[in-house]
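To keep things clear, I will list the structure first and then write my remarks on it.
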Amino acid sequence: MSMCERKPLVALLGALALVSVLSACHSAPTRSGQPLGLGTPIDAAQLAAWDIDIDADGRGLPPGSGTVAAGQRIYETRCIACHGAGGQNGIADRLAGGQGSLATKTPVRTVGSFWPYATTLFDYVRRAMPFDSPQSLAPDEVYAVSAYVLHINGLLPADGRLDAASLPRIVMPNRDGFKVDDRPDVVGTRCMKDCAPGS
Amino acid sequence: MPPYLPPPGLDAGADLIADKNAKPPGRRRFLQGGAALAGGAAAATLAGPARAAGEALPVPAWTRSQGRPVANPYGQPSGFEGRVIRRVREGAQPPFPTAASSLTPLADIFGTITPNGLVFERHHAGIPDIDPEQHRLVIHGLVERPLSFSLNDLLRFPAVSRVHFLECAGNSGSEWRPARKLTVQSLHGLLSCCEWTGVSLGTLLQEVGVAPEAKWLLAEGADAAAMTRSVPLDKALDDALIVYAQNGEMLRPEQGYPLRLLLPGWEGNISVKWLRRLKLGTAPWQSRQETSKYTDLLPDGTSRQFSFVLDVKSVITGPSGGQTLKSRGRQQITGLAWSGHGRIRRVDVSIDGGRNWEEAVLQTPVLDRALTRFSLPWLWDGGPAVLQSRAVDSHGNVQPTRSQLIAARGTESAYHYNGIQSWQVLPSGEVHNVHV
């Protein structure tokens with residue numbers, strides 16, 4: 001009988017011993033709690049081209065910077081065809097306006113009126129825009145076009161500039177407009193006979 | 001888009017023939033009449049089927065000559081079923097066909113499993129053609145051992161198969177608005193159910209070793225949207241799957257080939273397709289798809305965020321919008337019920353717009369967070385009727401009415417609509433979507 005099959009005895013040796021016995025035992029059947037030793041180690045350098053997420057605090061923002069003015073030039077060549085002049089009336093999502101509309105009957109959700117974090121703008125544009133050529137903008141260009149989108153929402157002056165330090169500090173108007181899921185907010189009732197009709 | 005044709009089963013005459021040997025169901029399980037429950041005498045007349053004289057059966061050509069040979073490399077549905085296809089919503093002309101959706105033909109499918117070619121689609125940057133040899137899933141961030149897995153690596157882990165529904169959070173979203181005369185496919189077709197096969201995410205997380213401070217993970221796709229969503233670690237450890245197969249074959253490209261995340265019972269968008277990366281961290285990332293989209297705006301201007309679970313819901317798929325009942329008498333009311341909280345316990349059906357209800361029969365087995373088929377025979381007296389279904393799940397959640405939903409949420413929350421669906425049956429037999 002090999003060590004691998006002597007489970008009762010192995011168990012008596014205690015948890016620590018179990019780990020060492022099993023990891024030395026290549027023919028052991030899969031047991032929960034034990035890594036199988038599959039997969040290839042990967043380091044930060046190997047992962048760099050994929051590791052592009054920016055979190056809500058701005059962690060992950062690359063070096064570089066961009067101005068509103070530079071951003072306007074990029075916007076007018078790379079974005080305007082779909083998103084329209086000034087971020088409005090395009091065939092794709094509206095990017096500007098709508099502040100103060102969320103509690104009305106015709107809410108307009110844009111970067112300026114709805115998005116809680118400016119970091120999301122950088123993250124999204126860098127990974128997915130322009131739609132016809134995703135991941136083609138350099139970090140400086142993403143900073144610049146993000147600065148311009150914030151500018152047309154009144155959130156950055158015409159001479160504004162963004163970098164890794166200033167972007168997370170932009171206070172978005174709807175920053176406190178979100179609450180974590182608090183359902184159930186609607187409770188159905190199971191009436192079977194002579195109920196109040198309705199749908 | 002081909003014109004809509006009602007399925008052949010809707011012809012009540014055909015129904016009666018097929019039913020020759022079936023025992024008549026008990027009265028309690030048999031809805032009668034139109035808007036009001038008809039009296040016993042009227043129902044008895046309807047129940048006694050007036051069969052038309054039959055015709056002599058010919059021996060058709062296909063019985064007198066050989067059919068096609070074997071070795072059709074990949075089997076296809078009969079050429080007579082060409083109308084059973086995914087469609088974009090009627091009247092919708094998506095300006096960007098790669099950021100669009102197609103809907104499952106719910107009225108024309110049977111049982112509870114959606115055939116792979118009919119599973120609904122929602123993409124944000126089209127369907128990538130991913131070479132499985134080159135594809136990798138990387139798990140990193142707050143872990144002891146960042147690892148990269150090939151598909152071949154993942155196939156060596158213990159495989160898990162589970163049946164679960166998948167529903168887009170935006171499914172039925174047009175019902176927040178005034179009723180449009182659409183089909184069940186157009187209204188509710190961002191809904192499918194498959195047997196999913198893959199590796200338990202908990203197993204993979206064991207492989208990398210999760211750091212104690214990790215609370216969330218970011219899931220990222222390899223498509224041109226590089227779609228990202230933040231997932232609570234508890235869900236990842238509880239029942240999340242890294243899926244490579246659906247209904248017995250490798251994932252279809254439009255379902256995330258070669259790898260997708262599957263979070264049972266949660267809104268479809270978070271089950272990230274073409275999955276390439278999972279990064280563990282301490283807080284949600286606040287990605288575009290969990291802020292700008294997939295948040296539920298309420299009348300006071302605040303929004304509900306991280307509203308992952310899909311609430312209890314059901315819909316009658318036959319008779320349903322766009323169909324026409326061809327004759328009075330026996331009809332089969334059938335539909336689908338599901339809940340992101342657990343199993344379906346009961347489905348009630350009303351033919352009088354919600355005044356009186358009868359419990360429907362559930363097809364077994366009833367599975368956890370899977371589509372459940374319900375049915376109930378109905379004797380249609382030719383009068384107007386409004387058909388509704390109402391699901392109750394294993395946690396006691398009862399599907400609400402549309403009015404209850406709107407009273408609580410207004411009409412602008414876009415996602416998570418689970419109100420009771422009403423189908424009006426006109427004396428002409430036409431069936432339409434209504435709000436009563």
Side-chain angles (χ1 to χ4, degrees), chain A residues 30 32-43 46-47 50-57 91-93 102-105 107 109 111 114-117 119-120 123-124 127-128 131 134-135 174 177-199, chain B residues 95-96 125 138 140 145-149 153 156-158 206-207 218 220 224-226 228 276-277 279 281 283 285-288 291-292 295 297 299-308 348 353-357 388 390 392 397-405 408-409 412 420 422 435-436:
Chain A
T30 307
S32 72
Q34 301 307 314
L36 305 189
L38 296 170
T40 309
I42 185 161
D43 63 29
Q46 293 166 322
L47 193 52
W50 286 15
D51 190 10
I52 57 170
D53 54 275
I54 315 298
D55 75 9
D57 295 328
I91 44 172
D93 304 39
L102 297 181
T104 70
K105 291 234 177 307
R109 278 163 272 201
V111 174
F114 196 60
W115 291 31
Y117 296 93
T119 47
T120 308
D123 175 83
Y124 181 69
R127 67 177 59 247
F131 194 73
Q135 304 200 6
N174 198 36
F178 293 84
K179 56 182 176 192
V180 173
D181 191 7
D182 58 351
R183 290 173 299 166
D185 54 333
V186 184
V187 179
T189 42
R190 191 167 181 253
C191 166
M192 297 302 286
K193 290 281 168 242
D194 302 320
C195 316
S199 63
Chain B
F96 298 95
V138 173
H140 71 124
R145 296 171 292 278
L147 290 174
S148 161
F149 297 98
D153 291 334
R156 293 166 69 190
F157 282 91
Q206 243 155 38
E207 204 66 20
L218 184 76
E220 181 183 74
T228 48
R276 75 171 190 188
R277 191 163 70 100
K279 184 181 199 173
W285 275 253
Q286 307 286 348
S287 74
R288 180 226 180 196
T291 52
S292 169
T295 50
L297 181 59
D300 67 358
T302 66
S303 301
R304 196 172 275 135
Q305 193 182 21
F306 306 121
S307 47
F308 300 124
D348 305 317
R355 205 175 287 274
N356 295 288
W357 297 81
Q388 298 182 341
R390 179 180 65 196
V392 183
N397 299 301
V398 181
Q399 185 180 4
T401 63
R402 179 172 183 273
S403 332
Q404 285 174 315
L405 270 185
R409 301 185 191 165
E412 295 298 329
I420 289 173
S422 303
H435 297 156
V436 297

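Just so it is clear: chains get the letters A, B, ... in the order the sequence lines come, proteins before strands, and each one is counted from 1.
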Fill in the blank from the handout: For Ala225(B) and Ala128(A), the nearest pair of non-hydrogen atoms, with its separation, is O-CB, 3.8 Å

Problem - Pro95(B) versus chain A, the contacting section by heavy-atom distance below 4.5 Å - result: side chain

Practice task
State the CG-CG distance between Leu405(B) and Asp185(A), to the nearest 0.5 angstrom.
Solution key: 8.0 Å

Exercise for the section: Indicate yes or no for a side-chain donor-acceptor contact from Arg156(B) to the backbone of Leu38(A) under 3.5 Å, with no hydrogens or angles considered. Expected result: no

Handout entry: Contacts of type side-chain contact (heavy atoms from CB on, under 4.5 Å), residue Asp181(A), not counting sequence neighbours
Key = Arg183(A), Arg304(B), Ser307(B)

Practice task
Would you indicate whether the side-chain heavy atoms of Arg409(B) and Val186(A) approach each other to under 4.5 Å?
Solution key: yes

Exercise for the section: Answer with yes or no whether the side chains of Ser292(B) and Trp115(A) bring together a donor and an acceptor at under 3.5 Å. Expected result: yes

Practice task
Under 4.5 Å, counting heavy-atom pairs only, tell me which of Ala408(B), Pro400(B), Pro146(B) racks up the most with chain A.
Solution key: Pro146(B)

Completion exercise
Under 4.5 Å to a heavy atom of chain B? For Phe114(A) that would be side chain

Exercise for the section: Check whether Thr119(A) gets within reach of chain B through its side chain, its backbone, both or neither, counting any heavy atom under 4.5 Å. Expected result: neither

Exercise for the section: For residues Pro35(A) and Arg145(B), determine if any side-chain heavy atom of one lies less than 4.5 Å from a side-chain heavy atom of the other. Expected result: yes

Practice task
Could you grab the distance from atom OG1 of Thr40(A) to atom CG of Leu147(B), nearest 0.5 Å is fine?
Solution key: 7.5 Å

Exercise for the section: Determine whether Leu47(A) and Val138(B) make a side-chain contact, defined as any pair of heavy atoms from C-beta on separated by less than 4.5 Å. Expected result: yes

Practice task
Compare all side-chain heavy atoms of Cys195(A) with those of Asn356(B) and state whether any distance is below 4.5 angstrom.
Solution key: no

Handout entry: Atom of Gln34(A), atom of Glu207(B) and distance for their closest heavy-atom approach
Key = O-OE1, 4.5 Å

Practice task
Give a yes or no answer on whether the side chain of Asp55(A) reaches the backbone of Trp285(B) with a donor-acceptor pair at less than 3.5 Å.
Solution key: no

Handout entry: Ala92(A) versus Phe96(B), closest heavy-atom pair with distance
Key = CB-CE1, 3.7 Å

Practice task
Taking Gln399(B) for its side chain and Gly188(A) for its backbone only, find out whether a donor-acceptor pair lies under 3.5 Å.
Solution key: no

Handout entry: Side chain proximity check, Thr295(B) to Arg109(A), heavy atoms < 4.5 angstrom
Key = no

Exercise for the section: Report the residues that fulfil salt bridge (Lys or Arg N to Asp or Glu O under 4.0 Å) with Asp348(B), sequence neighbours left out, ordered by chain and then residue number. Expected result: Arg190(A), Arg390(B)

Completion exercise
Here the gap from Asp123(A) atom CG to Leu218(B) atom CG, rounded to the nearest 0.5 Å, amounts to 8.0 Å

Handout entry: Thr120(A) (side chain) donor-acceptor with Gln286(B) (main chain) under 3.5 angstrom
Key = yes

Exercise for the section: State the OH-OG1 distance between Tyr117(A) and Thr291(B), to the nearest 0.5 angstrom. Expected result: 9.5 Å

Fill in the blank from the handout: Cut-off 4.5 Å, heavy atoms of chain B, and the answer for Gln46(A) is neither

Fill in the blank from the handout: Most contact-rich option vs chain A, by heavy-atom pairs under 4.5 angstrom, among Arg276(B), Lys279(B), Gln305(B), is Arg276(B)

Fill in the blank from the handout: Value for CD (Gln206(B)) from CG (Leu36(A)), rounded to nearest 0.5 Å, stands at 8.5 Å

Handout entry: Atom group of Phe308(B) that falls short of 4.5 Å from chain A, counting heavy atoms
Key = backbone

Practice task
Could you tell me which portion of Asp93(A) (side chain, backbone, both or neither) has an atom closer than 4.5 angstrom to a non-hydrogen atom of chain B?
Solution key: side chain

Problem - Test item: Arg288(B) side-chain N/O and Tyr124(A) main-chain N/O as donor-acceptor pair under 3.5 Å - result: no

Problem - Validation row: Ile52(A), Glu220(B) side chains within 4.5 angstrom (heavy atoms) - result: yes

Exercise for the section: Kindly indicate whether the side chain of Ser303(B), heavy atoms from C-beta on, has any atom under 4.5 Å from the side chain of Leu102(A). Expected result: no

